[in-house]
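Computed over heavy atoms, backbone and side chain alike; hydrogens, waters and symmetry mates excluded. Chain letters run A, B, ... following the sequence lines, proteins first, then strands; residues in each count from 1.
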Amino acid sequence: MLYVELFLQGLIQGSIYALVAVGLTLVYGLLRILHIAHAGLFTLGGYIGVLVTDATGSLALALLVAAVTVGLLGMALYRVCYEPILNKPPFVALIASIGLFIAMEEIYRIVFGPYGLSYQAPPLQDSVVLWGMHLTQAELAVMGGGVVVIAVLALLAEKTRAGTAWKATVTDPQMAQSFGIDTVRVRYLNFFIGSALAACAGVMVALMNNLVEPTMGSVPSYKALAIIVLGGLGDVRGTLIAALALGVIEAFGTIYLGDLMDRDAIAFAFLIVVLMIRPQGLLGRKA
Amino acid sequence: MLRLDGLSCGYGAFRAVHELSFEVPEGSVFALVGANGAGKSSTIMAVAGHVAVQGGAVLLDGQDITNLPPTKRVGAGIALAPEGRRLFTDLSVERNLVVGGYHLPAERTAENKARVLELFPRLGERIDQPAGALSGGEQQMLAIGRALMAEPRLLMIDEVSLGLMPKAVDLCYAAIDRLRDRGITILLVEQNTTRALEAADRVCVLESGRAVWQGDAAEARRDPALVEAYLGLSEGKQETTP
């Protein structure tokens with residue numbers, strides 16, 4: 001019974017990781033930028049979620065507003081911060097991104113206050129029994145929703161013309177242009193989708209913890225970096241699997257290795273072990 | 001159909017091609033030949049819009065397309081099978097073809113795909129495999145097929161035979177003959193001069209970024225001295241003993 005419970009808890013945490021990490025891997029795949037500030041957008045999603053839910057009473061509306069607002073902000077970040085430095089060495093964008101992330105945390109502190117916000121009446125708190133486990137509806141929604149959304153995204157990338165254009169742009173932007181693909185539009189779409197997913201993750205994490213605070217993005221930001229490396233940089237399906245695997249490993253690890261290492265140390269020990277065995281990531285082909 | 005008017009192009013301060021002028025007549029096969037680094041690929045990539053033009057003009061059907069963005073050139077009728085093939089290696093053969101026809105309405109895909117597979121039946125056998133898993137010859141066929149999906153009037157093929165088995169080279173040149181018969185104008189780059197002279201109607205010889213000879217391929221085929229003077233001893237020919 002304990003195993004099932006740990007496994008489910010791992011999947012819930014893994015789904016959150018996946019929603020955050022997918023945006024990061026999309027950006028890396030396309031622009032070779034490690035978009036640290038992505039986690040700042042995740043936090044903003046949490047704030048918008050709490051504010052809109054409290055104002056209107058609708059979590060669905062909150063998810064929609066958070067996704068659209070943060071998606072558009074993600075596009076703006078690309079336009080203002082990244083586009084002008086794309087032909088500089090990659091560390092320039094990395095430094096810009098770290099600076100941006102710190103600035104975002106401080107802005108949230110000033111605007112929303114240092115103590116964080118909570119839902120006045122958090123929705124989806126009723127208990128659901130699954131294989132004898134008691135889960136909240138919110139946890140169930142995260143687990144199901146996260147996996148479904150990302151699986152649909154991977155399927156769209158596989159089967160539609162737009163998805164194919166996106167993949168072609170990732171492989172060879174110049175050739176994609178030669179066949180009439182507007183690669184700038186692909187980048188904007190990329191930032192919109194990735195940022196919107198992070199915002200939804202932020203709303204749901206704020207709901208599960210019933211708290212959103214300025215530094216909520218710190219742990220997901222470096223955890224997501226580990227995940228996209230494990231998943232094979234730029235690979236959506238690999239990221240989903242790596243995120244779920246990491247969630248489950250952490251859940252078991254905190255029980256069985258908790259005396260030796262804390263949760264984050266377990267995550268990175270897992271990363272190190274996997275990369276020693278498979279330097280190309282869990283699913284990646286050898287370069 | 002395609003005309004270069006004193007085209008100079010290159011990378012940054014480096015000039016790869018100097019004041020190159022030639023005209024590719026509608027429905028013909030035009031070959032750019034010359035040694036490695038002579039500026040053949042730079043010329044083709046400038047026509048595709050990927051190499052910076054430093055002077056002169058590129059005209060398509062009399063229209064100046066020198067400053068047309070690369071994404072718009074496929075709509076003007078130009079498609080490219082580039083050097084090194086540059087396929088979308090993670091995508092299947094089928095998806096590569098879909099990208100080729102991206103600028104056209106989706107309804108055109110099925111018909112164009114059928115035409116490409118009729119030209120290169122081998123691609124049909126491997127339709128669901130990733131492009132990266134194909135052999136060199138199959139990759140070249142896919143690069144040409146992908147370009148054909150765009151319904152080009154001008155097809156540019158860079159290094160048709162480079163790194164291919166002789167049989168695959170034959171298949172590619174057979175396809176080029178058929179495409180010419182369909183009325184597609186073809187500009188090709190080739191290091192194998194013998195092959196280029198056989199396939200082409202007109203030839204331009206480049207050396208260090210300058211045109212040193214251009215004329216009818218038939219004339220060059222008839223006059224070995226000309227070939228020797230401008231092209232050196234071409235591959236595939238026996239050395240002549242004095």
Side-chain angles (χ1 to χ4, degrees), chain A residues 25-26 28-32 83 86-89 153-190 228 231-241 280-287, chain B residues 12 44-45 47-51 68-109 112 128 130-133 142-143 145-152 154-156 158:
Chain A
T25 208
L26 287 177
Y28 186 85
L30 200 54
L31 301 173
R32 305 285 150 193
E83 201 180 64
L86 276 183
N87 43 20
K88 301 271 192 295
L153 195 69
L155 199 70
L156 288 178
E158 210 75 45
K159 301 289 177 200
T160 64
R161 268 161 74 92
T164 305
W166 174 77
K167 284 189 143 183
T169 307
V170 169
T171 313
D172 190 333
Q174 202 177 52
M175 275 307 111
Q177 283 183 338
S178 260
F179 291 103
I181 295 169
D182 184 343
T183 51
V184 174
R185 223 167 59 187
V186 170
R187 287 177 192 164
Y188 280 119
L189 184 69
N190 197 86
I228 69 173
L233 290 159
D235 183 340
V236 172
R237 218 169 11 161
T239 299
L240 175 61
I241 291 167
Q280 69 274 36
L282 284 173
L283 297 184
R285 286 178 295 263
K286 287 206 168 69
Chain B
I44 273 199
M45 289 305 265
V47 175
H50 295 311
V51 166
L68 197 67
T71 33
K72 296 272 161 64
R73 296 192 188 208
V74 66
I78 299 177
L80 171 68
E83 185 178 10
R85 272 79 81 168
R86 293 175 66 176
L87 298 169
F88 305 115
T89 45
D90 291 344
L91 298 181
S92 67
V93 168
E94 196 266 343
R95 291 279 107 183
N96 269 274
L97 295 177
V98 168
V99 176
Y102 185 79
H103 80 107
L104 298 167
E107 304 88 75
R108 312 275 313 130
T109 306
N112 285 332
D128 289 321
L142 180 54
R146 181 179 64 173
L148 288 173
M149 290 296 291
E151 300 184 8
L154 173 66
L155 172 64
M156 302 194 290
D158 199 347

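- Only the side chain of B:Met45 comes within less than 4.5 Å of a heavy atom in chain A; its backbone stays farther off.
- Highest contact tally toward chain A, considering only B:Ser92, B:Gly101, B:Ala106, B:Gly49, is held by B:Ala106 [criterion: heavy-atom pairs under 4.5 Å].
- The line from CZ of B:Arg146 to CZ of A:Phe179 is 4.5 Å long, rounded to the nearest 0.5 Å.
- In terms of heavy-atom pairs under 4.5 angstrom with chain A, the leader among B:Ala48, B:Gly100, B:Ala150 is B:Gly100.
- If you measure heavy-atom distances from B:Leu80 to chain A, the contacts under 4.5 Å come from both the backbone and the side chain.
- B:His103 pairs by the side-chain hydrogen bond (donor to acceptor under 3.5 Å, both in side chains) definition with nothing, not counting sequence neighbours.
- Annotation for A:Arg32: atom CZ counts as buried by contact number, over 12 foreign heavy atoms lying within 6.0 Å.
- Counting all heavy atoms, side chain and backbone alike, B:His50 lies closest to A:Ser178 at NE2-OG, 2.8 Å.
- Once rounded to the nearest 0.5 Å, the distance linking CG of B:Asp90 with CG of A:Asp235 reads 8.5 Å.
- With a 4.5 angstrom heavy-atom cutoff, B:Pro70 touches chain A via backbone and side-chain atoms both.
- Other residues, nucleotides and ligands contribute more than 12 heavy atoms inside 6.0 Å of the CZ atom of A:Arg161.
- Evaluation of the side-chain hydrogen bond (donor to acceptor under 3.5 Å, both in side chains) rule for A:Thr164 yields B:Arg95 as partners, not counting sequence neighbours.
- Residue B:Arg86 comes nearest to A:Asp172 through the heavy atom pair NE-OD2, 2.8 Å, listed as atom of the first residue, atom of the second, then distance.
- Looking at A:Thr160, the atoms closer than 4.5 Å to chain B (heavy atoms on both sides) all sit in the backbone: N, CA, C or O.
- The line from CG of B:Asn96 to CE of A:Met175 is 12.0 Å long, rounded to the nearest 0.5 Å.
- Among all heavy-atom pairs drawn from B:Thr71 and A:Ile181, the shortest one is CG2-O, 3.1 Å.
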